[in-house]
Amino acid sequence: MNELNIVVDSAKAAFGQALTPADLENAKALYLGKSGRITELMKGMAALSVDEKKTLGAAINLAKQAIEAALNNRRQALADAELQAQLQAEALDVTLPGRQRGQGGLHPVSLTMERIEAIFGSMGFEVAQGPEIESDWFNFTALNTPEDHPARSMHDTFYVEGGSETAPNLLRTHTSPMQIRHAVQHVKRYRARLDAGQSMPEIRVIAPGRTYRVDSDATHSPMFHQCEGLWVGENVSFKDLKYVFTDLCRTFFESNDLVLRFRPSFFPFTEPSAEIDIQFQAGTLAGRWLEVAGSGQVHPNVIRNMGLDPEKYIGFAFGMGMDRLTMLRYGVNDLRLFFDGDIRFLSQFQ
Ligand code: DAH
């Protein structure tokens, strides 16, 4: 009897040590298998008397039942543990915030362009796009800046091979060529009316875009952004330009007490020409005159190159630096930050 207890105890211990179902089945074989301990004990009874068989048989059965019970307990325990581990591994915490895809945003200069387009749009200006690889004709000559004109020296740029005076040969140094391109299209559309001595709708257009010059420091970049503006009609004057520009600046900077001044200047394609400066009355920039655009009355030669009669048509044009407007609006002091592509800088504008 004592031996049976030892067998039961050792079976329980072996089952307890089995850490996987496979271990447990191996341990089971040692006790309940064909040549397991219990089976051997049963076989050993053959030589016993009937009475001895009865008592020992009953005891062995009890021991066998005890071992089977221990086996089933351990099976259940292992199965439970496995399920528990699986649940833990696959745990889904529905209270965790979702993993969102990062939201992109527009570059600060693009934000400025969108704003400028919206403001001019509300004042009845079209938005035009033009090529960045320009010809000498549109970039210079048609804008009253013939070859050897000293003003060309301030517009050193990048040239491409294979161009000519009229075929694309350089990276445009300003958006002003869009004045000619757009006006020529406009005039072409109304040619018949003009030829019949009738008038055409006014040209009111802005042309934002990339421009290029051989220039690079904290306030100049070889690639930068401008926005051209052109307003041509029979009855337009400087006062209209001043009104529109004041409105633009006040809306753009969200400041009603911002003031403008037109400072005499020179551009080959305008006469007279003026630099437009603004001054904030409050804030960190208060009191300083800040240059934001060049402007002027379109030169008669340029009006002629548009296909219009300078005796009848008068125009006003302006060109603004988009990067500069963006720097002023957001208080950025180094232009190069716009082109470094540093996400820590750019994400502040979203
Ligand atoms: N294109 C000039 C520049 O890049 C800016 C400019 C000045 C544009 C006067 C104009 C203008 O349309 O009238 O420096």
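As the structure lists them, so they are numbered: ligands from 1, and atoms in each ligand from 1. Start at 1 with the first residue, then count along the sequence.
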> Heavy-atom contacts with Gln179 under 4.0 Å: which atoms of ligand 1 show up? List them by number with element.
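Listed by number with element: 12 (O).
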
> Tell me whether ligand 1 is touched by Phe269 - counting only heavy atoms on the residue side and a distance under 4.0 Å.
yes

> Using the six-membered ring wherever Trp is involved, compare the ring planes of Phe253 and Phe280 and label them parallel, tilted or perpendicular (cut-offs 30° and 60°).
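Ring orientation, 0 to 90° scale: perpendicular.
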
> Regarding ligand 1, does Gly229 bring an N or O atom to under 3.5 Å of one of the ligand's N or O atoms?
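No, Gly229 has no N/O under 3.5 Å of an N/O on ligand 1.
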
> Can you check whether Thr173 has an N/O within less than 3.5 Å of an N/O in ligand 1?
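So ligand 1 has no N or O lying under 3.5 Å from an N or O of Thr173.
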
> Below 4.0 angstrom from a heavy atom of Ser176, which ligand 1 atoms are there? Numbered from 1 as shown, please.
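Near Ser176, the atoms of ligand 1 are 1 (N), 8 (C).
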
> Should the proximity of Phe318 to ligand 1, defined as any heavy atom under 4.0 Å, be assigned to the side chain, the backbone, both, or neither?
backbone

> Are any of the side-chain nitrogens in Asp215 or Arg213 under 4.0 Å away from the carboxylate oxygens of its partner?
no

> Are the ring centres of His174 and Phe269 closer than 6.0 Å?
yes

> Considering heavy atoms of the protein only, find what lies nearest to atom 12 (O) of ligand 1 and give residue, atom and distance to 0.1 Å.
Glu228 OE2, 2.5 Å

> Taking 4.0 angstrom as the limit and counting only heavy atoms of Thr270, give me the atoms of ligand 1 inside it, by number and element.
13 (O)

> Could Arg172 and Phe138 be counted as a cation-pi pair, given that NZ or CZ must be under 6.0 Å from the ring centre and within 45° of the axis?
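The answer is no; the distance or angle limit is not met.
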
> When you check the gap from the basic side-chain N to the acidic O, do Glu134 and Arg181 get nearer than 4.0 Å?
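Looking at Arg181 together with Glu134, the answer is yes, because their closest N to O distance falls below 4.0 Å.
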
> If you take the centroid of each ring, where Trp contributes its six-membered ring, are Tyr190 and His186 closer together than 6.0 Å?
yes

> List the closest protein heavy-atom neighbour of atom 14 (O) of ligand 1: residue, atom name, distance to the nearest 0.1 Å.
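Residue, atom and distance for the closest contact: Arg213 NH2, 3.7 Å.
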
> What protein heavy atom sits nearest atom 8 (C) of ligand 1, and how far off is it?
Gly319 N, 3.3 Å

> Any chance CG of Leu290 has more than 12 other-residue heavy atoms, nucleotides or ligands included, within less than 6.0 Å?
yes

> For the rings on Trp231 and Phe125, is their centre-to-centre separation under 6.0 Å?
yes

> Has Lys188 got more than 12 heavy atoms of other residues, nucleotides or ligands less than 6.0 Å from its NZ?
no

> Could you tell me, atom by atom, which parts of ligand 1 come under 4.0 Å of a heavy atom of Gly296?
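Those of ligand 1 that fall under 4.0 Å from Gly296 are 13 (O).
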
> Determine whether the side chain, the backbone, both or neither of Met178 has a heavy atom under 4.0 Å from any heavy atom of ligand 1.
neither

> At under 4.0 Å between heavy atoms, is it the side chain or the backbone of Ser295 that contacts ligand 1, or both, or neither?
backbone

> Could you check whether any heavy atom of Gln226 sits closer than 4.0 Å to an atom of ligand 1, since that is the contact criterion I want to use?
yes

> Hey, is Met154 one of the residues with a heavy atom under 4.0 angstrom from ligand 1?
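Judged by the 4.0 Å heavy-atom criterion, Met154 does not count as contacting ligand 1.
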
> NZ of Lys43: more than 12 outside heavy atoms within 6.0 angstrom?
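Counting other residues, nucleotides and ligands, NZ of Lys43 exceeds 12 neighbours.
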
